[in-house]
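All remarks here apply to the structure that follows.
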Amino acid sequence: MTDQRFNPLSADKRWQTRWSEDGVFEANNDSAKPRSYVLEMFPYPSGRIHMGHVRNYTMGDVLARFRRMQGYEVLHPMGWDAFGMPAENAAMEKKVHPGEWTRANIAGMRDQIKRLGFALDWSREIATCEPDYYGHEQALFIDMFEGGLVYRKESAVNWDPVDMTVLANEQVIDGKGWRSGAAVEKRKLSQWFLKITDFADALLDGLDELKGWPEKVRTMQENWIGKSQGLQFHFSLAEKQGAIETVEVFSTRPDTIFGASFVALSADHPLAQQLAQKNDALAAFCEDCKKSGTTAAELETMEKRGFDTGLTVTHPLDSSWHLPVFVANFVLMDYGTGAVFGVPAHDQRDLDFARKYALPVTRVVAAAGEEDTAIGTEAYTGPGQLVNSRMLDGLDILTAQQTVIDQAEAEKWGKAQTTWRLRDWGVSRQRYWGTPIPIIHCDDCGAVPVPKDQLPVTLPDDVNFDIPGNPLERHATWKHVDCPKCGKPAQRETDTLDTFTNSSWYFLRFASQPDNLPFDAETVQKWMPVSQYIGGIEHAILHLLYARFWTHALASLGRLDFTEPFESLFTQGMVTHETYFETVENTETGADQIVYYSPDEVEHREGGVFKASGGAPIAVGRIEKMSKSKKNVVDPDPIIEQYGADAVRFFMLSDSPPERDLPWSEAGIEGSWRFVQRLWRLFVSLADETESTAAAQGGEDKALRRKLHQTIAGVAEDIESLSFNKAVAKIFELINMIEKAKPSSDRHNAIRTLASIVAPMVPHIAEEAWALFGETDLIANASWPEFDETLLVEDEVTIAIQVRGKLRDTLSVAKGSDKSTLETLALGSEKVQRTIDGAEIKKVIVVPDRLVNIVI
RNA sequence: GCGGACGUGGCGAAAUGGUAGACGCAGCAGACUUAAAAUCUGCUAUCCGAAAUGGGUGUGCGGGUUCGAGUCCCGCCGUCCGCACCA
């Protein structure tokens, strides 16, 4: 007698062991089968996996298992994005070495992930913090260095003047250092940059190829790259300042040149710097500009302020027209030329600035009829014709732009120019826990790459984090080396690479991992590009752009012969949960403060939510992304232990569309658990039944057979499009029908086939069922069931009968009934006649197999 | 500030411009049980109605296109995400 309850505690472990021992999911580089590379963004080993990971890897796993069943050789690897700040924070707080902390986290998280029974090729596991990964990364960096894609320049960082350390944006809270609380300053450091801008055009054009990417991500990348065409030209300084005689500006709106009322320089602009040397007030203003943050959001929301330098420039189209020159805090040195001309009437920022400093506002573009309408508090950015613009009057915007550009080029004071919002990628980090930059600084030879036979440049283990700052910088011996070129004493670069570099090529290393090279191009070529990449939308720009850039760059260096790494991309939603809180008075300050409670600390009872074990009522807050600060985190581990991997996996796939947020709920996981048990009851019901005994009892069941075939086709389609919630709904419909059906050979077959249909989602119970049915091989090695095309279409359809677009009746007719039949049937409907009530019929619209709409 | 998305029952949602609410959760009623759990059956957008194989309303708000709009267009409102040193 087979157990009437499915027991995941024993089944999960048993099948996971079997899959592992048989090496079922190890990808074969030499396979002759068609290939599919399914990849989920690898995790940062923060300590514990969270529900977001579970959701991400479950989705990838369903696709990977489904592709295997379809006959593909599947590469589905897992690894660790193991460098990063949390390890250093742990080192400071817990006095544990970042490496030790990270490796312990990896070990724990690997166990957690394995308990979910994913079809992963663990033989290819990588951790980016190990020298056998980052050493190869150093080799690739040197390739880029030698290929002219790496350079050094000054760039601003957040500097904490108390801790004497560089801070990440994340560590700056309201302009203050997160530990010291000191006001953060911008400070310039000489840093390494990768020339991503060399690939701006290629990265932009490449987006067109990426048909399998969400439109929104392509748009975000397009906007991020920000190609804009315009006019770059110079204003001549009325009062020459030594060597500086002109101010170079760039504008995408040269048509508005007659609306200019000022020129604004970045505080970092050479002219601003030069003037500041002789002008204490200006120097103070420039210094003040350094106090703002380095993030775009801060720069753009801060109060726009300027400093009038007293200088003027002459207008290029009218030498008698002088414009004042300001230094302004909103002009970025990194974009364009570091100087702009302000047209207040047609740019909101310029308008705000002009109002503040009482500068003229002249409308130069107007929609029809608005030529004389004054500009109030809102700049006009819409279409129209040029006004108040001398020779441009009456022209449309585009023609005016071209006219100005042509004249500038003819008179040699400017030229058409393409500018990018995209800036080069600063990869230097003044931190320990990252890939050491393989460069040696020699007084005589300059920056010399470490010879490849001396790689990897490994991190020293004997470091301490008792004082802030970079331990590599203050390590007694590590940085002191001889120059590889001339042999004289020199210094190692002590900055490490941005962790984004680690995730910019890991997918290549998964595909091929020779000892002596980063990857073997031929093997990589067999697997790449990644067929389906799955991860969070938060990576829509940075990670995905950097990974694309590395692939483009390696292709340009002749190391790869493709440029786009990810054929299809899917961005999944977050796992969310209700928040629980109460507002209490802070005993010291008297101010109200919110105290959050975790789901473990509350209980749901009649009348609401209360503190656990009979406590007081508690407020239920918004449903939000699971986060430590809101304490609304549910740890997957105990859930897996209680309900088993299959129920957890199934929950992750049900209900919410995968790109949308998934609210975690106790009731939801209970529902998934009941689903698993329901499946099991169906499977065991077959244990003593053969197809022929079933047939003998009830013959055949055509409707159920049709439903089965529709489900096989429909679920396959839904899995391919990652619409797991729809696949789940179809499975439920099939099960509902099976449960209501009488015994028959078709019912018997439907249940057997059901095991295969659900196998990618709930693989443990599917294996268990397969064994129960007497199969000796694994269902993981089985094929996706075939379906009969002819059974997919119904032979009877329900037609909607509308009167003036409103549903009045429905009719069941043979599929393919012709229009006149349908019209006659519709007009014969009693309900229709009642609604028409003798009115004149103007028109009858008939859509075969769909509806009839009677217009009166 | 800039860029991107989303908005449908009590909740998660479904719906090539063609019957809005499939499927799941929760709830209600019933069966089974000494009882509970589990399981099974039925109902479940909303308003009017005793009920109807009766009618009205209804996909964030306001307009528009169409025989027909959740879906397309225009304008709002709200919420969320990203913004270059978090990963």
Side-chain angles (χ1 to χ4, degrees), chain A residues 4-5 41 43-44 46 81 83-86 155 157-158 166-172 191 196 214-217 219-220 222-224 226 294-302 304 330 334 348-349 421-431 498-500 502-503 536-543 545-546 571 573-574 622-625 654-657 659-663 665 667-668 670-672 674-675 677-678 681 723 725-726 728-733 736 739 798-810 830-831 834 842-845 847 849-856:
Chain A
Q4 291 296 310
R5 294 273 280 194
M41 292 178 185
Y44 176 77
S46 56
D81 190 11
F83 275 138
M85 282 199 312
S155 175
V157 293
N158 299 306
V166 176
L167 298 178
N169 281 338
E170 188 190 57
Q171 299 170 317
V172 180
Q191 308 198 64
I196 190 171
E215 187 66 39
K216 63 174 171 179
V217 176
T219 308
M220 284 162 92
E222 194 180 314
N223 289 331
W224 186 261
T294 58
T295 72
E298 274 178 282
L299 290 171
E300 281 163 40
T301 51
M302 70 191 178
K304 308 295 180 287
F330 61 86
D334 291 330
Q348 192 59 45
R349 199 171 50 185
R421 213 187 73 97
L422 182 68
R423 309 197 300 258
D424 275 336
W425 175 13
V427 291
S428 293
R429 298 291 181 269
Q430 297 69 40
R431 278 194 265 283
D498 180 5
T499 56
F500 272 119
N502 306 314
S503 52
I537 184 68
E538 67 274 19
H539 294 291
I541 297 176
L542 294 182
H543 160 60
L545 191 64
Y546 291 148
T571 55
M574 297 174 301
R622 316 161 40 103
I623 295 174
E624 293 191 60
K625 176 182 182 173
S654 315
D655 293 351
S656 285
E659 69 278 9
R660 237 181 272 180
D661 289 350
L662 171 68
S665 75
E670 287 281 352
S672 296
R674 283 198 300 272
F675 167 80
Q677 295 304 337
R678 209 172 147 196
R681 283 193 297 276
S723 306
N725 57 320
K726 293 190 219 169
V728 164
K730 290 191 173 85
I731 289 167
F732 268 112
E733 285 184 41
N736 288 344
E739 286 180 341
T798 306
I799 304 279
I801 312 298
Q802 302 178 332
V803 177
R804 276 192 312 199
K806 275 196 182 288
L807 182 74
R808 292 299 161 182
D809 201 358
T810 58
E830 192 194 320
K831 288 183 206 164
R834 211 188 308 152
K842 292 185 186 145
K843 200 171 172 185
V844 178
I845 287 153
V847 183
D849 296 339
R850 284 276 181 192
L851 58 64
V852 178
N853 188 11
I854 297 158
V855 187
I856 54 172

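The chains referred to below are lettered A, B, ... by the order of the sequence lines, with proteins before strands, and numbering in each begins at 1. Worth saying up front: this structure is predicted, and the values here are computed from it rather than measured.
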Let's test your reading of the model: under 3.5 Å, does the base of B:G3 pair with the side chain of A:N223 as donor and acceptor? no
Establish, with yes or no, whether the OP1 or OP2 oxygen of B:A15 is under 4.0 angstrom from a side-chain nitrogen or oxygen of A:K726. yes
Only pairs with both distances under 3.5 Å count, Watson-Crick or wobble alike; so what is the partner of B:A29 in this structure? B:U41
Think A:K730 has a side-chain N or O under 4.0 angstrom from the OP1 or OP2 of B:G24? no
Determine whether more than 12 heavy atoms belonging to other residues, nucleotides or ligands lie under 6.0 Å from atom CZ of A:R804. no
Just confirming the chi classification of B:G9, syn or anti, using 90° around 0 as the syn window. syn
If only side-chain N and O atoms of A:N725 are considered, is one of them under 4.0 Å from the OP1 or OP2 phosphate oxygen of B:A22? no
Does the base of B:C6 carry an N or O that pairs as donor and acceptor with the side chain of A:E659 under 3.5 Å? no
Hey, what do you get for CD (A:Q191) to CG (A:D424), rounding to the nearest 0.5 Å? 13.0 Å
Atom CZ of A:F330 and atom P of B:C2: how far apart are they, to the nearest Å? 14 Å
What class does the angle between the rings of A:W425 and A:F500 fall in, given that below 30° is parallel, 30 to 60° is tilted and above 60° is perpendicular? perpendicular
Side-chain N or O of A:R660 less than 4.0 angstrom from OP1 or OP2 on B:A14? yes
